[in-house]
Amino acid sequence: MSASVRTVAEALAVQEQLRPLVDLVGPGPDAPATVAGLDVAYAEEGDRLAAAVTVLDTRTLAVVDSAVVVGRPAFGYVPGLFAFRELPALLDALGGLRTLPELLVCDGHGLAHPRRFGLACHLGVVTGLPAIGVGKTPLVGDWASPGRERGAWSPLSDGGEVVGRVLRTRDGVKPVFVSVGHRVSLANATAQVLALTPRFRLPETTRTADRLCRDALAAGTSRS
DNA sequence: GCGACAG
DNA sequence: ATCTTGTCGC
């Protein structure tokens, strides 16, 4: 059985150990048939959470499979160590799927992380699946505002390297922060996010997973 | 030393 | 993350 990470020192050690395993070559699925979205919702008290994963048919963007589990945060909220909080529950949820998705779209960052190992990298390495991160707010890096049109983007740079892209998914709407997680190129990650945002700022994967875990938290149950 | 800091 | 109120745009 794998011992859970309990201290900051342990978490940092795990990141250092797993970071070299990230596949930066990609390029990832060209036209994936299925894409999964993952998200977590917290109870007001903060002692309970629900983790959900939804699998969408990329052609119709319909949910074809899903799983949700209720549990406890596995770690305190520490920027840079965020994955240790949600990963156990997310892995539980992934285990409840009947379909193996071709790409994971994570709610958070991948390489756009202080040590280049955000949630999307961690989830990708642990599952072996291609993964990307889509964050709503920045964690690290500097960038210029992208053009106002959907599809416009600008490089997200940190420490002299490009760690992601600031991508406008809808005309005139606040951009999102896209970064590579595992086995996907940055260009492909950008294309996948645009394919998942025909109508709203956030990917349909994130939206469906968000709704599922919120509902599960309200119901206080776990099902798939 | 002081702020910033994914969800 | 979550809560709440308010405002703008379609």
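Hydrogens, waters and symmetry mates are skipped; everything else that's a heavy atom, side chains included, is used. None of the values given here were measured: they were computed from a predicted structure. Naming convention: chains lettered A, B, ... in sequence-line order (proteins, then strands); numbering from 1 in each chain.
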Distance-minimising heavy-atom pair for [X] and [Y]:
X       : Y       : answer
V5(A)   : F75(A)  : O-CD1, 3.5 Å
L217(A) : R48(A)  : O-NH2, 3.4 Å
S157(A) : V162(A) : OG-CG2, 4.2 Å
P101(A) : L129(A) : O-CD2, 3.7 Å

Under-4.0 Å side-chain N/O to phosphate OP1/OP2 contact, [X] with [N]:
X       : N      : answer
T137(A) : dC5(B) : no
K136(A) : dG7(B) : yes
R85(A)  : dA1(C) : no

Looking across every strand, which nucleic acid part, if any, lies under 4.0 Å from [X] by heavy atom: base, sugar-phosphate, or nothing?
X       : value
A43(A)  : nothing
Y42(A)  : sugar-phosphate
P138(A) : sugar-phosphate
G133(A) : nothing
L87(A)  : nothing
G118(A) : base

Nucleotide [N], atom [atom2] - distance to [atom1] of [X] in whole Å:
X       : N       : atom1 : atom2 : result
D107(A) : dA1(C)  : CG    : P     : 7 Å
D171(A) : dC10(C) : CG    : P     : 12 Å
L156(A) : dA6(B)  : CG    : C1'   : 12 Å
D215(A) : dT2(C)  : CG    : P     : 12 Å
D39(A)  : dG7(B)  : CG    : P     : 9 Å
R148(A) : dG9(C)  : CZ    : P     : 13 Å
R115(A) : dC5(B)  : CZ    : P     : 16 Å
R72(A)  : dA1(C)  : CZ    : C1'   : 16 Å

- Minimum-distance nucleotide (side-chain atoms of L139(A) versus dG7(B), dT2(C), dA6(B)):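 That would be dA6(B).
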- Message: Just to be sure I follow the notation: if a pair is Watson-Crick (purine N1 to pyrimidine N3 plus N6-O4 or O6-N4) or a G-U wobble (N1-O2 and O6-N3), each under 3.5 Å, what dot-bracket string does DNA chain C give, with | for pairs to another strand?
- Response: ..........
- Message: Run the side-chain hydrogen bond (donor to acceptor under 3.5 Å, both in side chains) test against Q15(A) and tell me which residues pass, sequence neighbours left out.
- Response: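 If we apply the side-chain hydrogen bond (donor to acceptor under 3.5 Å, both in side chains) test to Q15(A), skipping adjacent residues, the hits are R115(A).
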- Query: Hey, is F177(A) stacking on dA6(B)? Ring centres under 5.5 Å, planes under 30°.
  - Reply: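 One would not call F177(A) stacked on the dA6(B) base.
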- Query: So do R150(A) and L194(A) actually touch side chain to side chain, heavy atoms under 4.5 Å?
  - Reply: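 The answer is yes; the side chains approach within 4.5 Å.
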- Ring center gap for H122(A) and F84(A) short of 6.0 angstrom: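 Under 6.0 Å, so yes.
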- Mark yes or no for whether T58(A), through its side chain, and A33(A), through its backbone, hold a donor-acceptor pair below 3.5 Å.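 Judged by distance alone, yes, a pair lies under 3.5 Å.
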